[in-house]
Amino acid sequence: MQIEEKLNILADAAKYDVSCASSGGTRKNSGKGLGNSHQSGICHSYTEDGRCVSLLKILLTNHCIYDCAFCVSRRSNDIRRAAFKVQEVVDLTINFYRRNYIEGLFLSSGIFKNADYTMERLLQIVKKLRTEERFHGYIHLKTIPGASEQLVREAGLYADRMSINLELPTEAGLKQLAPEKSHEEVKKPLDWVNKSMIQLNEERQLMRRVPTFVPAGQSTQLVVGATAESDKDILYTADRFYRDYGLKRVYYSGYIPVSEDHRLPTIGSHPPLLRENRLYQTDWLMRFYGFEVSELLNDDHPFLDTAIDPKLSWALRHPQVFPIDVNTAEYRMILRVPGIGVGSAQKIVQARKFGKLRFDQLRKIGVALNRARHFIWCADSVLSLREPSPMEIRQRILASQAYRFSPTQLSLF
Amino acid sequence: METYVFDGSLTGLLSAVFIAYERRSDAVKVVSQDRYQPDLLGGGIKIDADSRQADRVWKGLAKRVGAAGLNTFYAAFLGEDAQGYQSLFDLSRAVFDRGGDIMEDFGNVQLLFVSQLARKVHREKHRMEAFVRFQKTADGLFTSFVAPDYNVLPLIRRHFTDRYADQRWLIYDSKRKYGLYYDGDSTAEVEIEFSGPTGKMRTSSLPENVLAEDEGLYQRLWKGYFNHTNIAARKNTKLHIRHIPKRYWRYLTEKSDLHL
């Protein structure tokens, strides 16, 4: 089989893994090697679906001994199979990198023969890139579930990020669609890598030469919409994994039908892109805006409102908190105002030292006033006799030009 | 109102700030030589770019606004914008008159203009770091032609020098007619005359006869990869174009011969 054909097949099979982050790497190009890591990551291109292309994302092979119903490479699926040789992956990575096409390699694989055999091959590739080619670009390596601890730990010496996918938000869902897999099997390697990271960080305080070990941390992915879990189930799982394993990212991947299996949405049905978007927004609120997941989703509100964003939704449920005076309120409260992002909140706190802020200044700073104006008080606010109800505010915002319902994904990554 | 005409260089603009204090000028309009149109009411004052004066102003600014502030100033200067020059000039005087704290006053129009221009320039810098595509020539030089909106080559120099330390490369700005050349050891600004209309090139690809033997293969592999990593069910053209505006397509191997 020609290399071009192999690349096409194995890129096709790898594309359902949505992570393409290349941030958080710390590798410097000391001496005359090739490449380095850019702290904030670089997207070198964007596919027609609007997703970032940062890494050469491929499978080593799409042969697989497992039969997970949601996966395009499942054993029982009648598709073309291919496998790269170790050197082919190395050559592709180096030559793409030299032309500034990519930030590095995202390497995953179907499982052939057994977990350790597959993991060994992946390890050979990353080791060769780092030691023989002196490659300092970004490497995201998938951990193969069931691989031995020793192989996983050794891979951590060469990879910038490691990940292993939970696939479905709950153990029950997994039983239904991928009975050969379990969350327990995912937790083990996450825990090995996390413990090694913590241990090496402690040693770093005491010793000068400690090897780099997965400097960009670990991530995982959840498939959304293949099974019937609520948004609450999904984000509570994510929150637990953020806490227990110090994950850098949880990715939410709207299920794209790839199977006629009666347990799954039919082929041709539209992937739940808007729902996916709302999940990411909520994830951001948990990580950067100081929200607890239970404030945003709970037994009374197990699903996110798709018509409005989750911060606005929270604000409308808590009218007693507002309005907030931007000229005096604490930073953490300003962050909670719909239409004010982290950047604007920081600017507000700096700028108000020089005088009371007015609406026109807030607009220039970058605040989305169509939402924010209903929740804030500033220098030129006028007192109104009757406060509009949350329902009225919701209607006004939905009617405003700048808040058009659009079923697209956010450009978060 | 006096009008200062400077030569368009950073040294010139900083000299203008120096002169404003020397002449005790009140309101000043600064304009770069290439945009200057003398009016009937009186000529502008020609500012000589004086590196000694510029150095004093730059150091004075550094003391008051710090390294981050200077980066903002420099990036905004590379924006090559008439209003940007004026705002930089006014903001510099405000910093000297009222102190460096002013760099946090985002209610101030000059500061807001400068910081927003600097942001645009940084975005273009980041785009160049992403969208430069090298083509390998037969003699092993990795070559790229670009025409950025702002003069960002000075800002991307370090990134490419650090990253591609073991290969010779050239990034040429065909709009501003100069390039960065790394010879395997260090990077220098170079001026090269190309025969042929590089400035108006519709694509940035080089003629096949000067390319390395395997260049065609890797371009084909990359295009194939780009198309196969796309998920058709998620097609979103609006988002796609927002991320890579069409004016950048001509740089991109994966887009260049598709929609021109």
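Below, read A as the first sequence line, B as the second, and so on, with proteins coming before strands; counting in each chain starts at 1.
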(request) Mind checking the CD-NE2 spacing from A:E48 to B:H240? Nearest 0.5 Å is all I need. (result) 5.0 Å
(request) Quick one: closest heavy-atom pair of B:H243 and A:G50, and the distance? (result) CD2-O, 3.6 Å
(message) Counting heavy-atom pairs closer than 4.5 Å to chain B, which one of A:N36, A:L56, A:I42 comes out on top?
(response) A:N36
(request) Tell me the residues of residues 161-169 of chain B whose non-hydrogen atoms fall below 4.5 Å from those of chain A, in number order. (result) B:D162, B:R163, B:Y164, B:A165, B:D166, B:Q167
(request) In plain terms, say whether A:K347 and B:E104 are close enough for a salt bridge, that is, a side-chain N and a carboxylate O under 4.0 Å apart. (result) no
(request) Counting only heavy atoms closer than 4.5 Å, note whether B:E215 contacts chain A via side chain, backbone, both or neither. (result) both
(request) Calculate, to the nearest 0.5 Å, the distance between atoms CZ and OG belonging to B:R234 and A:S253 respectively. (result) 6.5 Å
(message) If I measure from the heavy atoms of chain B, does A:K28 come under 4.5 Å with its side chain, its backbone, both, or neither?
(response) neither
(message) Heavy-atom pairs under 4.5 Å with chain A: which of B:V132, B:T229, B:I231 has the most?
(response) B:I231
(message) So, taking the atom named OG1 in A:T47 and the one named CG in B:N227, what distance separates them when rounded to the nearest 0.5 Å?
(response) 10.0 Å
(message) Heavy-atom pairs under 4.5 Å with chain B: which of A:I3, A:L7, A:L34 has the most?
(response) A:L34
(message) Below 4.5 Å, heavy-atom pairs only: which of A:S45, A:P271, A:A11 has the largest tally toward chain B?
(response) A:S45
(request) Please indicate whether A:K32 has more than 12 foreign heavy atoms, meaning atoms of other residues, nucleotides or ligands, lying under 6.0 Å from its NZ. (result) yes
(message) Just so I know, are the side chains of B:Q219 and A:Y101 near enough to count as touching, which here means a heavy-atom distance under 4.5 Å?
(response) yes
(message) Out of A:R99, A:K15, A:H136, return the one with the most heavy atom pairs under 4.5 angstrom to chain B.
(response) A:R99
(message) Shorter than 4.5 Å, heavy atoms on both sides: which option in B:F134, B:Y248, B:F131 has the most such pairs with chain A?
(response) B:F134
(request) To the nearest 0.5 angstrom, please state how far the NE2 atom of A:H44 sits from the OG1 atom of B:T253. (result) 12.0 Å
(message) Looking at B:K63, I want to see if its NZ is surrounded by more than 12 non-hydrogen atoms of other residues, nucleotides or ligands under 6.0 Å.
(response) no
(message) For chain B, which candidate among A:R358, A:R134, A:Q361, A:E103 shows the most heavy-atom pairs at distances under 4.5 Å?
(response) A:E103
(request) Hey, can you tell me if A:F96 and B:Y218 have their rings parallel, tilted or perpendicular (30° and 60° cut-offs)? (result) perpendicular
(message) Tell me which of these, A:L10, A:I9, A:D91, A:N100, has more heavy-atom pairs under 4.5 Å with chain B than the rest.
(response) A:N100
(message) Take a 6.0 Å sphere around CZ of B:R158 and say whether it holds more than 12 heavy atoms from other residues, nucleotides or ligands.
(response) no
(request) Among B:N236, B:I241, B:I244, find the residue that satisfies the side-chain contact (heavy atoms from CB on, under 4.5 Å) test when tested with A:Y46. (result) B:I244
(message) Check this for me, if you would: do B:D214 and A:R98 make a salt bridge, where the nitrogen-to-carboxylate-oxygen distance has to be below 4.0 angstrom?
(response) no
(message) Heavy-atom cut-off 4.5 Å, strictly under: side chain, backbone, both or neither for B:F142 against chain A?
(response) side chain
(message) Need one label for B:D101: side chain, backbone, both or neither, based on atoms under 4.5 Å from any heavy atom in chain A.
(response) both
(request) Side-chain contact test, heavy atoms from C-beta onward, threshold under 4.5 Å: evaluate it for B:W222 versus A:I102 and give yes or no. (result) yes
(request) Working to the nearest 0.5 Å, report the span between CG of B:L221 and CG of A:N95. (result) 9.0 Å
(message) Any side-chain to backbone donor/acceptor pair from A:N8 onto B:H228? Under 3.5 Å, distance only.
(response) no
